[in-house]
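Okay, structure first, notes after.
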Amino acid sequence: MSSLFVPTLKENPQEAEIASHSLMLRAGMIRQLSSGVYIFLPLGLRTLNKITKIVKEEMDRAGGQELLLPALHPGELWKETGRWEIYGPELIRLKDRRDRDFCLGPTHEEVITDLARREIRSYRQLPLLLYQIQTKFRDEIRPRFGVMRAREFIMKDLYSFDRDFEGLRVSYEKMYNAYCRVFSRCGLSYKIVLAESGVIGGEVSHEFLIPADSGEEKFLVCPACDFGTTQEEAKCPNCGDSLEEKRGIEVGHIFQLGTKYSESMKAYFVDKDGEEKPLIMGCYGIGIGRTMAAAIEACHDEKGIQWPLSISPYEVVIIPVNWRKAEQRKAAEEIYQELKKRDFEVVIDDREFSAGYKFSEADLIGFPLQVIVGEKMSQEGKIEIKIRQNNERWETKKEEVLTLLLKLKEELAPKV
RNA sequence: CGGGGCGUGGCGCAGCCUGGCAAGCGCACUCGCUUGGGGUGCGAGUGGUCGGCCGUUCAAAUCGGCUCGCCCCGACCA
């Protein structure tokens with residue numbers, strides 16, 4: 001850890017009001033550049049990349065193909081769908097040197113539909129699921145809570161193209177299930193609710209929420225059945241019970257768009273019967289940075305972050321309590337090498353700080369597994385292992401550390 | 001956009017109301033010793049155009065005007 005760039009803060013930063021924002025700053029994961037614009041430091045980026053990896057694996061599993069669309073969009077495309085006006089001041093606009101209109105993409109329906117209309121000719125090319133993980137720009141009225149509502153943020157967006165509504169339903173369901181897997185694999189409990197589709201447009205839409213008091217999204221749930229919705233006027237269609245209002249963080253949103261964009265942008269294909277028809281579309285988003293913040297909202301205590309193992313920046317920290325004791329240093333180093341060999345993501349706290357300092361910082365950063373090499377090593381050859389999540393502690397012989405860690409890792413892995 | 005708050009070494013704050021004494025405290029940082037199972041202890045140091053501009057005054061961190069930035073609540077939004 002002596003060479004890692006992890007600038008931690010002892011005190012609560014003045015600008016942070018909610019736990020995740022404060023802890024991301026304090027644990028040295030992010031820094032603010034400007035209102036709603038954040039730097040991801042090495043530790044923060046590791047978690048971001050882990051979530052990204054899970055998302056990609058699940059998108060691929062569901063038949064998605066990754067591509068990369070530009071962030072810089074020609075204004076004409078947005079004028080074509082009318083969203084140049086509709087999107088309002090939230091759309092960041094700019095002009096090139098020849099005075100042509102451009103904008104920074106807040107979402108990519110226009111660009112993907114433009115691609116689709118140029119490349120998709122036949123029903124034989126369908127269904128098609130294309131996705132990207134990319135930076136979006138939205139000039140929010142009020143950015144807040146750190147990366148939770150930022151003006152520049154990383155999002156996974158997938159677009160589905162089908163020949164008919166039955167196909168759309170199949171694609172939608174695939175995504176619905178993929179989203180369940182994504183959030184489960186991130187170690188999060190989530191709630192799926194019926195949602196309004198807003199400026200994106202379309203018919204059916206569901207939101208994936210992480211329940212949290214600090215969440216900005218209000219939703220109604222039925223305590224008896226599993227029904228949930230964001231719509232105020234909803235009448236519990238499943239059973240007669242009255243709905244409870246709760247708050248959550250919207251980490252994912254899936255939409256059945258239908259022909260909204262394919263009609264307005266003339267994205268047609270030729271169906272089996274020889275007729276030209278509009279592509280039936282769906283779009284599906286996951287806020288990557290927001291998922292990270294939501295995970296911290298859901299998993300923290302007064303000491304710091306309690307990362308779910310699957311998205312923690314590192315899995316294990318090894319803390320030699322007294323760096324001056326050669327046998328502790330040596331044992332720590334040996335365990336480190338052994339774990340490295342078995343592909344653990346591990347760091348060793350090789351700094352000459354006091355034990356308390358290192359413990360506090362390990363808890364702040366939230367390493368799920370902590371290997372503590374202390375006096376018992378010197379005297380009895382024993383190592384302590386602590387689970388951050390529940391503060392469970394295990395003592396074992398040095399030779400057994402790897403075996404125990406493999407077992408604990410297995411136990412901590414989310415069941416999907 | 002309406003309402004509220006903040007801006008003083010890297011971080012967290014005091015000082016401002018009631019102008020003047022040397023711009024202070026804690027943390028961090030550097031050096032020395034000390035300590036090493038829950039942010040060790042002691043000592044000595046480094047570092048600040050008090051967000052910016054204009055004004056009032058013999059004198060401005062402090063009073064007035066303008067401005068920039070940041071945060072919170074609301075409306076709005078994925």
Side-chain angles (χ1 to χ4, degrees), chain A residues 7-18 21-22 25-26 28 31-38 86-91 105-109 136-151 153-157 193 195-202 205-209 214-218 230 248-255 283-291 294 302-304 319-325 328-329 349 351-365 370-379 382-384 386 391 393 395:
Chain A
T8 57
L9 304 171
K10 193 169 179 174
E11 287 172 287
N12 200 32
Q14 174 204 299
E15 71 262 28
E17 288 289 318
I18 64 168
H21 187 194
S22 171
L25 288 164
R26 288 189 54 205
R31 284 294 181 266
Q32 184 180 60
L33 181 62
S34 172
S35 179
V37 183
Y38 286 84
I86 295 166
Y87 227 93
E90 201 171 309
L91 189 64
T107 177
H108 281 71
E109 285 81 8
K136 309 287 189 205
F137 297 86
R138 296 184 191 175
D139 196 354
E140 288 288 339
I141 296 174
R142 186 153 84 84
R144 63 184 118 177
F145 302 148
V147 301
M148 197 75 88
R149 176 172 298 278
R151 295 196 294 176
F153 60 99
I154 297 172
M155 182 169 161
K156 183 285 302 180
D157 46 328
V193 303
E196 299 172 62
S197 44
V199 70
I200 303 287
S205 128
H206 286 89
E207 282 183 24
F208 287 70
L209 300 165
S214 58
E216 293 185 81
E217 190 76 354
K218 287 182 198 159
T230 60
I249 300 160
E250 182 192 352
V251 288
H253 202 153
I254 59 179
F255 303 85
C283 73
Y284 316 83
I286 292 178
I288 306 289
R290 188 182 279 184
T291 298
E302 64 290 340
K303 290 178 183 168
I319 304 176
V321 170
N322 189 340
W323 187 247
R324 275 205 221 140
K325 297 267 171 82
Q328 291 186 18
R329 267 209 316 271
D349 197 341
R351 302 172 300 178
E352 293 190 50
F353 293 148
S354 69
Y357 184 94
K358 290 189 275 197
F359 291 149
S360 299
E361 201 154 271
D363 286 347
L364 173 64
I365 293 169
Q370 303 178 6
V371 176
I372 301 161
V373 185
E375 268 311 294
K376 286 209 174 118
M377 177 62 225
S378 314
Q379 276 150 30
K382 287 209 172 159
I383 306 289
E384 183 179 331
K386 173 181 147 181
N391 208 34
R393 284 157 197 270
E395 238 175 50

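Not measured: the values here are computed from a predicted model. Proteins come first, then strands; the chains are lettered A, B, ... in the order of their sequence lines, and each starts at number 1. Heavy atoms only: backbone and side chains are in, while hydrogens, waters and symmetry mates are out.
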Taking atom [atom1] in both [N] and [M], what distance in whole Å separates the two?
{"N": "B:rC42", "M": "B:rA28", "atom1": "P", "value": "12 Å"}
{"N": "B:rC58", "M": "B:rC50", "atom1": "C1'", "value": "22 Å"}
{"N": "B:rC53", "M": "B:rG12", "atom1": "P", "value": "23 Å"}
{"N": "B:rU62", "M": "B:rG45", "atom1": "P", "value": "31 Å"}
{"N": "B:rG26", "M": "B:rA14", "atom1": "P", "value": "16 Å"}
{"N": "B:rU40", "M": "B:rC76", "atom1": "P", "value": "49 Å"}
{"N": "B:rC27", "M": "B:rU46", "atom1": "C1'", "value": "16 Å"}
{"N": "B:rA61", "M": "B:rC21", "atom1": "C1'", "value": "15 Å"}

Would you say that A:Asp349 contacts A:Glu361 through its side chain, given a criterion of any heavy-atom pair below 4.5 Å between the two side chains?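 They are not in contact (no side-chain heavy atoms under 4.5 Å apart), so the answer is no.
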
Looking at side-chain heavy atoms only, is the closest gap between A:Asp363 and A:Gln370 below 4.5 Å?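 A:Asp363 vs A:Gln370: side chains touch.
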
Using a 4.0 Å heavy-atom cut-off across all strands, classify [X] as base, sugar-phosphate, or nothing.
{"X": "A:Ile319", "answer": "nothing"}
{"X": "A:Lys376", "answer": "nothing"}
{"X": "A:Asn12", "answer": "sugar-phosphate"}
{"X": "A:Gly285", "answer": "nothing"}
{"X": "A:Ala150", "answer": "base"}

With salt bridge (charged side-chain N to carboxylate O under 4.0 Å, His left out) as the criterion, how do A:Lys325 and A:Glu375 come out once you've worked through the C-alpha distance, each side chain's angles and the decisive distance to 0.1 Å? CA-CA 9 Å; A:Lys325 297 267 171 82; A:Glu375 268 311 294; 2.9 Å; yes

Separation of [X] atom [atom1] from [N] atom [atom2], in whole Å?
{"X": "A:Glu250", "N": "B:rC77", "atom1": "CD", "atom2": "C1'", "value": "9 Å"}
{"X": "A:Glu352", "N": "B:rG39", "atom1": "CD", "atom2": "P", "value": "19 Å"}
{"X": "A:Ile154", "N": "B:rA78", "atom1": "CD1", "atom2": "C1'", "value": "16 Å"}
{"X": "A:Gln14", "N": "B:rU8", "atom1": "CD", "atom2": "P", "value": "8 Å"}
{"X": "A:Glu395", "N": "B:rG37", "atom1": "CD", "atom2": "P", "value": "15 Å"}
{"X": "A:Lys136", "N": "B:rC77", "atom1": "NZ", "atom2": "P", "value": "20 Å"}
{"X": "A:Asn322", "N": "B:rG38", "atom1": "CG", "atom2": "P", "value": "13 Å"}
{"X": "A:Arg290", "N": "B:rA78", "atom1": "CZ", "atom2": "P", "value": "10 Å"}

Among the candidates [options], find the nucleotide nearest to the side-chain atoms of [X].
{"X": "A:Phe145", "options": "B:rG37, B:rA78, B:rC72", "value": "B:rC72"}
{"X": "A:Glu90", "options": "B:rG38, B:rC76, B:rC77", "value": "B:rC77"}
{"X": "A:Arg144", "options": "B:rC76, B:rA78, B:rG36", "value": "B:rC76"}
{"X": "A:Glu140", "options": "B:rA75, B:rC73, B:rA78", "value": "B:rA78"}
{"X": "A:Arg324", "options": "B:rG12, B:rG36, B:rC76", "value": "B:rG36"}
{"X": "A:Lys303", "options": "B:rU40, B:rC77, B:rG38", "value": "B:rG38"}
{"X": "A:Ser354", "options": "B:rG37, B:rG39, B:rC77", "value": "B:rG39"}

Determine the sole option in A:Val321, A:Ile383, A:Ile319 for which the side-chain contact (heavy atoms from CB on, under 4.5 Å) test with A:Gln328 is passed.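 Only one option passes, and that is A:Val321.
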
Looking at A:Glu140, A:Lys136, A:Arg290, A:Met148, which hits side-chain contact (heavy atoms from CB on, under 4.5 Å) with A:Phe153?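 So, applying the side-chain contact (heavy atoms from CB on, under 4.5 Å) to A:Phe153 and each of A:Glu140, A:Lys136, A:Arg290, A:Met148, only A:Lys136 qualifies.
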
May I ask which nucleotide in the shown strands pairs with [N], Watson-Crick or G-U wobble, both distances under 3.5 Å?
{"N": "B:rC29", "answer": "B:rG45"}
{"N": "B:rU18", "answer": "none"}
{"N": "B:rG2", "answer": "B:rC73"}
{"N": "B:rG7", "answer": "B:rC68"}

Using every non-hydrogen atom in the two residues, find where [X] and [Y] come nearest and quote the distance to one decimal.
{"X": "A:Asn12", "Y": "A:Arg26", "answer": "CA-CD, 4.1 Å"}
{"X": "A:Ser214", "Y": "A:Phe145", "answer": "O-CE1, 4.2 Å"}
{"X": "A:His21", "Y": "A:Glu15", "answer": "CE1-O, 3.8 Å"}

With stacking defined as ring centroids separated by under 5.5 Å and planes differing by under 30°, is A:Phe153 stacked against B:rA78?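 Ring-base stacking flag set for A:Phe153 and B:rA78.
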
Answer yes or no: does a side-chain N or O of [X] lie under 4.0 Å from OP1 or OP2 of [N]?
{"X": "A:Ser34", "N": "B:rC70", "result": "yes"}
{"X": "A:Ser35", "N": "B:rC71", "result": "yes"}
{"X": "A:Gln32", "N": "B:rC71", "result": "yes"}
{"X": "A:Arg142", "N": "B:rC72", "result": "yes"}

For the base of B:rG37, is there a side-chain donor-acceptor partner from A:Glu375 under 3.5 Å away?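 Side chain to base: no pair present.
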
Can you find a donor-acceptor N/O pair under 3.5 angstrom joining the side chain of A:Arg149 to the base of B:rC77?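 Indeed, a donor on one side and an acceptor on the other fall under 3.5 Å apart.
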
Taking for each residue the nucleotide of RNA chain B with the nearest heavy atom, is it A:Arg351 or A:Arg26 whose nucleotide lies nearer the 5' end?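 Result of the comparison: A:Arg351.
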
Starting from the 5' end of RNA chain B, give me the residue, A:Pro143 or A:Gly287, whose nearest nucleotide shows up first.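 Residue closer to the 5' terminus by nearest nucleotide: A:Pro143.
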
Among all residues two or more places apart in sequence or in another chain, which pass the side chain to side chain contact (heavy atoms under 4.5 Å, CB included) test with A:Glu395?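 If we apply the side chain to side chain contact (heavy atoms under 4.5 Å, CB included) test to A:Glu395, skipping adjacent residues, the hits are A:Lys376, A:Lys382.
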
